[in-house]
There are 2 protein chains.
Amino acid sequence: MPSKPAAPITMDAVYAAPGYLFRRMQQIAVSIFMEECKAFDLTPVQYAALVAIHTHPGIDATRLSAVIAFDRSTLGSVIERLQAKGYIERKPAPEDRRIKLLHLTKSGAAILRDIIPAVERAQARMLEPLKPADRKTLMGLLVQLVDLNNEASRVPLRAEDALEHLGKAG
Amino acid sequence: MPSKPAAPITMDAVYAAPGYLFRRMQQIAVSIFMEECKAFDLTPVQYAALVAIHTHPGIDATRLSAVIAFDRSTLGSVIERLQAKGYIERKPAPEDRRIKLLHLTKSGAAILRDIIPAVERAQARMLEPLKPADRKTLMGLLVQLVDLNNEASRVPLRAEDALEHLGKAG
DNA sequence: TGTTGATTGACAGTATACTGACGATCTAGG
DNA sequence: CCTAGATCGTCAGTATACTGTCAATCAACA
């Protein structure tokens, strides 16, 4: 079979490209999140970090980055901002002077509890234009795709491994 | 009906949230794009801008931002970098001294032609883990969702309107 | 014609993201 | 004990993104 002839260069090809659609959908998702949560002054990234610290109290920054699949470099400034807002604390670990353990403050636990309804509204709004059955289909396929492509990103998600340092049954 | 009891705060709720999945998939998509295209030193955004300038020669920056749904502020630096690499030219418009018209250089047209196979490989790799039928389903739903949520982002896509200034039939 | 209002490109400020590197520190092996 | 390698937080550099603002310019209307 001869090689395919080169397709003409059109914007429609861009609009239909997976990469373009993922970028666009991410922009929209962030925009909706910020709108629903503007009373709390928390970004999606900061929210995810708070949830992870709540779920894994005493986690260190490197393991946190694995749990939420954020870059270690990026996470540094996210943690700084959360600390500046008084939502988390960093304490040096006595048994390893390299790491700092992360904990929610009372203020952090409170805002996390209070923001949840707004976050749920935001998540619902992102999918609202689709029929309920289509929402399930889309989410199912996305979960699959993200999982199967996990290793393709710089910081693959390591949800389970990250717990080992806490001495829980691994 | 009484209000639903508050769900426990878990990472699984984050992992299943649309916003989280869109962010994750975007990270993965950019990573795959950069890997396939690293010989060309072009980002996904820069690639989309080149395609749009190729498709709409003589477009100005504001209209370009509408055609690819990028923020006007962000686009300024993207254009600067493309110009610094010698891929585009900016010429002042004689009939409106506010705007600068964008054109591909020969070098820009050449790299656009050459990079396309790599871009297509990247787009294919993003969906590769899914079965062919599921790829179509996912893309179909995403196209719908992005279109129906178009107004939710700061810079809604205006593919058609943006052509009017060129004197083509609107 | 003269002023109001809109548009354009640009800028400052903030927040993700990634690459690559660094010193401090810990761990393992000899 | 002591060094080689790994890991931790951090930093510099680059690139998207968004908010808000500004001067220059244009368009439309009184």
Side-chain angles (χ1 to χ4, degrees), chain A residues 19-20 22-24 26-35 38 41-49 59-66 68-85 90-102 152-156 165, chain B residues 19-20 22-24 26-35 38 41-49 59-66 68-85 90-102 152-156 165:
Chain A
Y20 178 82
F22 292 135
R23 171 181 302 276
R24 193 88 187 85
Q26 222 266 317
Q27 285 177 349
I28 291 166
V30 171
S31 179
I32 291 175
F33 183 102
M34 294 304 282
E35 198 178 314
K38 64 169 173 282
D41 191 31
L42 265 195
T43 67
V45 166
Q46 290 167 9
Y47 168 75
I59 198 172
D60 62 280
T62 294
R63 254 155 278 266
L64 178 59
S65 85
I68 51 186
F70 291 166
D71 192 272
R72 218 159 46 109
S73 306
T74 306
L75 200 55
S77 54
V78 175
I79 287 174
E80 242 172 52
R81 280 184 283 274
L82 286 174
Q83 191 174 20
K85 290 178 184 177
R90 277 200 277 194
K91 296 182 222 169
E95 76 282 7
D96 187 339
R97 276 177 300 172
R98 290 172 304 178
I99 72 183
K100 299 175 184 174
L101 307 182
L102 301 170
S153 65
R154 185 191 187 188
V155 187
H165 77 111
Chain B
Y20 178 82
F22 293 135
R23 170 181 304 275
R24 192 88 187 85
Q26 221 267 316
Q27 285 177 347
I28 291 167
V30 171
S31 179
I32 291 176
F33 184 102
M34 294 305 282
E35 197 178 315
K38 63 169 173 282
D41 191 30
L42 265 196
T43 67
V45 166
Q46 291 167 7
Y47 167 75
I59 197 172
D60 63 280
T62 294
R63 255 155 278 268
L64 178 59
S65 85
I68 51 185
F70 291 166
D71 190 274
R72 220 159 45 109
S73 305
T74 306
L75 199 54
S77 55
V78 174
I79 287 174
E80 243 173 52
R81 280 184 282 274
L82 286 175
Q83 191 174 19
K85 290 179 183 177
R90 277 200 278 192
K91 296 181 225 172
E95 76 282 5
D96 187 340
R97 277 177 299 174
R98 289 173 305 180
I99 71 183
K100 298 177 185 174
L101 307 181
L102 301 171
S153 65
R154 184 191 187 187
V155 187
H165 77 114

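Just so it is clear: chains get the letters A, B, ... in the order the sequence lines come, proteins before strands, and each one is counted from 1.
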**OP:** Using ring pair (Phe, Tyr, Trp, His ring centres under 6.0 Å) as the criterion, list what pairs up with Y20(B), not counting sequence neighbours.
**Re:** Y15(B)
Original post:
dT16(D) phosphate, OP1 or OP2: any side-chain N/O from Q46(B) under 4.0 angstrom?
Top reply: yes
Original post:
Can you check whether R63(B) has a side-chain N or O nearer than 4.0 Å to OP1 or OP2 of dT7(C)?
Top reply: no
**OP:** Produce a footprint string for nucleotides 18-24 of chain D: one letter per nucleotide, 5' end first; B if the base is under 4.0 Å from any protein heavy atom, S if only the sugar-phosphate is, - if neither.
**Re:** BBB---B
**OP:** Please list residues of residues 77-85 of chain B whose heavy atoms come under 4.0 Å from any atom in DNA chain D, ordered by number; otherwise none.
**Re:** V78(B), R81(B)
**OP:** Only counting residues at least two apart or in another chain, list the ones meeting salt bridge (charged side-chain N to carboxylate O under 4.0 Å, His left out) with K85(B).
**Re:** D41(B)
Original post:
Has R90(A) got a side-chain N or O lying under 4.0 Å from the OP1 or OP2 atom of dT10(D)?
Top reply: yes
**OP:** Figure out the NZ/P separation between K91(B) and dG9(C), and round it to whole Å.
**Re:** 16 Å
Subject >> Residue whose closest nucleotide on DNA chain C lies nearer the 5' end, V45(A) versus D96(A) >> reply: V45(A)
**OP:** Applying side-chain contact (heavy atoms from CB on, under 4.5 Å), name anything that partners E35(B), two or more places apart in sequence or on another chain.
**Re:** K38(B), R125(B)
**OP:** Would you mind telling me which residue lines up with the more 5' stretch of DNA chain C, R97(A) or P44(A), judged by nearest nucleotide?
**Re:** P44(A)
Subject >> Partner residues of S77(A) under the side-chain hydrogen bond (donor to acceptor under 3.5 Å, both in side chains) criterion, sequence neighbours left out >> reply: R81(A)
**OP:** Name the closest nucleotide to the D60(B) side chain, picking from dT16(C), dG9(D), dT8(C).
**Re:** dT8(C)
Subject >> Derivation and outcome, side-chain contact (heavy atoms from CB on, under 4.5 Å), residues R90(B) and L102(B) >> reply: CA-CA 5 Å; R90(B) 277 200 278 192; L102(B) 301 171; 3.1 Å; yes
